[in-house]
*Asks:* 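Starting off with a structure, shown below.
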Amino acid sequence: MPTRLSNYFLRTLREDPSDAEVTSHRLLVRAGYIRRQAPGVFAWLPIGLRVKAKIETVVREEMTNAGAHEVHFPALLPREPYELSGRWDEYGDALFRLQDRKGSDMLLAPTHEEVFTLLVKDLYNSYKDLPLSIYQIQDKYRDEARPRAGLLRGREFTMKDAYSFDYTDAGLDESYQAQRDAYERIFTRLGLEYVIVKADAGAMGGSKSEEFLHPTPVGEDTFVRSAGGYAANVEAFTTIAPPARDWTNLTGAEVLDTPDTPTIQTLVDRANSAHPRPDGRAWTAADTLKNVVLTLMQPDGTRELVVIGLPGDREVDLKRVEVAFAPAEIEAANETDFARHPGLVKGYIGPWSAAGAVLGEKSATGIRYLVDPRVVDGTGWITGANEHGRHVFGLVAGRDFQADGTVEAAEVRFGDPAPDGSGPVELARGMEIGHVFQLGRKYAEALGLKVLDPNGKLVTVTMGSYGIGVTRILAIIAELNNDEKGLIWPPEVSPFDVHVIATGREQVVFDTAESVALAIEGTGRDVLYDDRPKVSPGVKFGDAELIGVPKIVIVGRGAADGIVEFWDRRTGEREQVPVAEIAARLG
RNA sequence: CGGGGCGUAGCUCAGCUUGGUAGAGCGCUCGGUUUGGGACCGAGAGGUCGCAGGUUCGAAUCCUGUCGCCCCGACCA
């Protein structure tokens with residue numbers, strides 16, 4: 001039977017909801033697909049559920065094609081597995097934690113690596129059982145600091161998460177590739193533009209990781225790409241270190257007075273006026289070495305000071321720093337930190353002073369000192385002399401100071417060279433719609449998942465994890481497919497295939513509409529039939545446009561003559577069609 | 001966590017500056033008319049003005065506190 005609007009649980013709103021800003025959120029609420037329950041938490045109404053199911057169908061079909069089997073875990077889980085993997089602590093405030101009546105800690109899962117691993121451990125113990133790929137479509141919970149943009153960034157969201165289990169690295173590569181291929185098919189079928197970028201494996205652990213980003217200015221990920229085909233999340237971008245230089249002909253370092261120069265700009269100005277370069281070229285920010293003091297807060301509560309040295313024309317990219325020091329949290333050093341290290345003179349910090357090394361694990365302060373990869377041996381810098389109002393000029397890396405290592409902390413800029421030599425990169429914004437990871441043995445090791453290999457040896461299983469944000473995809477599709485009147489669904493995900501409208505008061509209209517709806521349904525299509533009596537045509541047309549089913553059939557004034565109208569929601573074109581031909585006309 | 005905005009009927013909002021019996025449009029109910037672009041007439045139902053305290057003869061309105069929501073930023077495997 002067609003779904004009849006007269007008794008469907010659907011209520012459209014005439015006006016935009018006041019708490020919805022972004023288009024997808026606004027339209028999905030207004031057209032009766034979802035309702036907000038709490039910040040970042042939404043209820044799904046029947047028509048919304050249909051769209052969600054359509055997307056899930058595409059995902060399921062491609063998971064099946066990739067050889068993965070569907071399972072379903074609870075969202076509510078005990079603490080223990082997450083304690084064993086370390087994520088109970090590492091996940092921090094983003095984890096929804098709760099206790100049962102006995103006081104046992106539980107959580108609402110942000111992802112399910114641990115329990116999938118334990119399930120396989122329970123049931124499998126031979127290499128003959130592998131490879132294995134299993135997946136679920138489940139709601140995930142993350143207590144985001146600031147949920148926003150409706151479904152695009154919620155605290156509860158539906159995700160397809162798949163996990164692969166292999167006993168060899170080559171097997172993992174194959175399983176990973178199968179999921180990656182499936183993702184390409186899924187996004188292609190859904191008509192979603194995507195870019196595959198190298199990603200940081202982050203706190204998930206593991207090695208190889210790629211993100212599927214949908215390029216959009218409202219995306220919250222920044223990625224870089226080169227004309228030569230390199231693509232990476234900025235968090236995963238690696239800087240090419242220039243070759244080390246010979247310093248034998250460089251003059252010695254010299255401490256000079258530079259009063260009132262606490263910032264790079266004031267320093268460059270003062271250097272040019274008071275201490276011009278011998279070769280006549282002006283000093284620039286790139287000649288200075290900026291030293292930023294940060295505090296690392298480890299999950300176990302330990303606090304460490306670290307100083308990062310980078311060219312003065314580069315800003316620190318906090319996201320990249322976070323990645324570099326994960327899972328530690330980064331904070332700016334506070335007054336207490338400076339008070340504890342009188343050797344650091346705020347505004348004039350450098351790795352060296354007339355008295356010797358100031359930064360580095362073997363220095364007077366013992367503070368770990370990491371530098372940007374561009375700070376190679378033989379490069380000379382203007383940097384703080386650890387005396388108020390004084391800088392050291394011509395301080396040469398490798399000769400005058402030693403760093404404890406390099407760190408990817410500097411911002412990535414337009415024109416920076418791609419690490420694979422494929423040319424300069426440009427920056428763009430994208431929204432993460434999928435993520436594939438080679439987890440390796442982190443979880444299997446922590447939870448003891450081993451199998452006997454062909455030689456009878458116990459080996460730790462290697463895993464992959466693969467996520468797709470189902471509800472986020474739904475929101476992006478809505479974001480991409482609409483006009484000022486409402487939604488316009490792509491056929492593959494539309495809640496219904498055809499929307500039949502009966503408009504008029506004569507019985508023949510409703511009789512005709514009824515038979516047309518049934519006839520169309522008879523061809524295997526889902527039909528939404530607006531059979532509401534006493535609702536004016538304007539309202540029905542408006543609702544149809546808002547709801548966004550791409551194909552609309554209007555049964556009205558031509559009904560008595562056996563004529564109905566086909567209305568293409570996307571183009572707005574209308575066409576008179578004899579009743580007998582309408583089902584065929586729908587293609 | 002920092003900055004900004006907003007809490008009044010189911011929805012969207014006015015009223016607050018300058019204190020005096022709670023408003024509009026839409027939606028909803030009943031009766032009637034109307035039916036190809038959000039119709040009309042008549043009669044209705046519906047609100048602890050976010051919450052608490054204070055000032056006052058009297059508070060939606062002024063003061064203090066508090067809670068919540070939205071937006072920007074920070075944060076975001």
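Please read these numbers as outputs of a predicted model, since none were measured by experiment. Just so we're on the same page: letters track the sequence lines, and every chain starts at 1.
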*Asks:* Check every atom of B/rA77, B/rC70, B/rA39 against the side chain of A/Met159 and return the nucleotide holding the closest atom.
*Replies:* B/rA77
*Asks:* In whole Å, what is the span from the CE atom of A/Met431 to the C1' atom of B/rA77?
*Replies:*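 A/Met431 atom CE is separated from B/rA77 atom C1' by 16 Å.
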*Asks:* Describe the nucleic acid contact of A/Glu545 in one word from base, sugar-phosphate, nothing, applying a heavy-atom distance below 4.0 Å.
*Replies:*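 Base: the residue A/Glu545, judged by heavy atoms under 4.0 Å, touches a nucleobase.
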*Asks:* Quick one: is A/Arg146 getting a side-chain N or O under 4.0 Å of the B/rA74 phosphate, OP1 or OP2?
*Replies:*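 It does not, given that no N or O in the side chain of A/Arg146 lies less than 4.0 Å from OP1 or OP2 of B/rA74.
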*Asks:* If you find the nucleotide of RNA chain B closest to A/Pro533 and the one closest to A/Phe157, which residue's nucleotide is nearer the 5' end?
*Replies:*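 In this pair, the answer is A/Pro533.
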*Asks:* Just N and O in the side chain of A/Arg148: are any of them under 4.0 Å from OP1 or OP2 of B/rG73?
*Replies:* yes
*Asks:* For the pair made of CZ in A/Arg505 and P in B/rG32, what is the distance, rounded to whole Å?
*Replies:* 13 Å
*Asks:* Could you check whether A/Glu210 and A/Tyr176, counting side-chain N and O atoms only, form a donor-acceptor pair closer than 3.5 Å?
*Replies:*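 Side-chain D/A pair, A/Tyr176 to A/Glu210: present.
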*Asks:* Can you check whether A/Arg11 has a side-chain N or O nearer than 4.0 Å to OP1 or OP2 of B/rG27?
*Replies:* no
*Asks:* For A/Trp489, is the NZ or CZ atom of A/Arg569 found under 6.0 angstrom from the centre of its six-membered ring and inside 45 degrees of the ring axis?
*Replies:* no
*Asks:* Could you check whether A/Asp543 gets within reach of a base, just the sugar-phosphate, or nothing at all, counting any heavy atom under 4.0 Å?
*Replies:* base
*Asks:* Calculate, to the nearest 0.5 Å, the distance between atoms CZ and CD belonging to A/Phe566 and A/Glu573 respectively.
*Replies:*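 Output value for this atom pair is 9.0 Å.
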*Asks:* Rounded off to whole Å, could you give me the OH-to-P distance for the A/Tyr82 and B/rA77 pair?
*Replies:* 16 Å
*Asks:* Whole Å only: how far is the CZ atom of A/Arg14 from the C1' atom of B/rA39?
*Replies:*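 These atoms are roughly 11 Å apart.
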*Asks:* If B/rU34 has a Watson-Crick or G-U wobble mate with both distances under 3.5 Å, name it; if not, just say none.
*Replies:*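 With both distances under 3.5 Å required, B/rU34 matches none.
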*Asks:* Looking at every strand, decide which applies to A/Glu506 at a 4.0 Å heavy-atom threshold: base, sugar-phosphate, or nothing.
*Replies:*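 No contact at all - A/Glu506 keeps every heavy atom at 4.0 Å or more from the nucleic acid.
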*Asks:* Watson-Crick or G-U wobble partner for B/rC1, using a 3.5 Å limit on both distances?
*Replies:*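 Here B/rC1 is engaged in a pair, and the nucleotide opposite it is B/rG73.
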*Asks:* Give none if B/rU29 has no partner; otherwise give the nucleotide forming a Watson-Crick or G-U wobble pair with it, both distances under 3.5 Å.
*Replies:* B/rA43
*Asks:* For B/rC13, which nucleotide in any strand shown is its Watson-Crick or wobble partner with both distances under 3.5 Å?
*Replies:*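 When the pairing criteria are applied, B/rG23 turns out to be the nucleotide that pairs with B/rC13.
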*Asks:* Rounding to an integer number of Å, can you tell me how far A/Leu13 CG sits from B/rC28 P?
*Replies:*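 These atoms are roughly 12 Å apart.
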*Asks:* Checking base pairs now: Watson-Crick or wobble, both atom distances under 3.5 Å. What partners B/rU56?
*Replies:*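 B/rU56 is paired with nothing.
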*Asks:* Starting the side chain at C-beta, find the nucleotide from B/rA74, B/rC69, B/rU35 nearest to A/Pro39.
*Replies:* B/rC69
*Asks:* Strictly below 4.0 Å: does A/Ser18 bring a side-chain N or O up to OP1 or OP2 of B/rC13?
*Replies:* yes
*Asks:* Within the 4.0 Å heavy-atom criterion, would you say A/Ala149 contacts the bases, only the backbone, or no part of the nucleic acid?
*Replies:* sugar-phosphate
*Asks:* Among A/His435, A/Gln138, A/Lys140, find the one that has a side chain to side chain donor-acceptor pair (under 3.5 Å) with A/Asp161.
*Replies:*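 The residue from A/His435, A/Gln138, A/Lys140 that satisfies side chain to side chain donor-acceptor pair (under 3.5 Å) with A/Asp161 turns out to be A/Lys140.
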*Asks:* Please report, rounded to the nearest Å, how far the P atom of B/rG27 is from the NZ atom of A/Lys534.
*Replies:* 15 Å
*Asks:* Looking only at atom types and distance, does a side-chain atom of A/Arg570 sit under 3.5 Å from a main-chain N or O of A/Ile488, one as donor and one as acceptor?
*Replies:*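 Yes.
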*Asks:* B/rG36 phosphate, OP1 or OP2: any side-chain N/O from A/Thr503 under 4.0 angstrom?
*Replies:*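 So the side chain of A/Thr503 is outside the cut-off, no N or O lying under 4.0 Å from OP1 or OP2 of B/rG36.
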*Asks:* Mind calculating the distance between CZ (A/Arg35) and P (B/rC69) to the nearest angstrom?
*Replies:* 16 Å
*Asks:* Hey, is the side chain of A/Glu15 pairing donor to acceptor with the base of B/rG25 inside 3.5 Å?
*Replies:*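 Per atom types, the contact qualifies.
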*Asks:* Please determine if A/Lys551 forms a cation-pi arrangement with A/Trp567, meaning its NZ or CZ atom is less than 6.0 Å from the six-membered ring centre and no more than 45° off the ring axis.
*Replies:*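 Because its charged atom misses either the 6.0 Å distance or the 45° angle limit, A/Lys551 does not stack over A/Trp567.
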*Asks:* Paired with B/rU66 by Watson-Crick or G-U wobble geometry, both distances under 3.5 Å: which nucleotide is it?
*Replies:*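 Looking at the geometry, B/rU66 pairs with B/rG50.
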*Asks:* Are the side chain of A/His25 and the backbone N or O of A/Ala20 linked by a donor-acceptor pair below 3.5 Å?
*Replies:* no
*Asks:* Quiz question: going by heavy-atom distance under 3.5 Å, is there a donor-acceptor pair between the base of B/rA77 and the side chain of A/Arg142?
*Replies:*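 Donor-acceptor pair under 3.5 Å: yes.
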*Asks:* Closest-nucleotide mapping onto RNA chain B: is A/Arg30 or A/Val22 further toward the 5' terminus? I mean the 5' end.
*Replies:*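 On the 5' side of the pair lies A/Arg30.
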*Asks:* For A/Arg155, which contact category applies under a 4.0 Å heavy-atom criterion: base, sugar-phosphate, or nothing?
*Replies:*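 The answer is nothing, as A/Arg155 stays clear of every strand by at least 4.0 Å.
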*Asks:* How many Å lie between CG on A/Asp19 and P on B/rC6, as a whole number?
*Replies:*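 It is 16 Å, rounded to the nearest whole Å.
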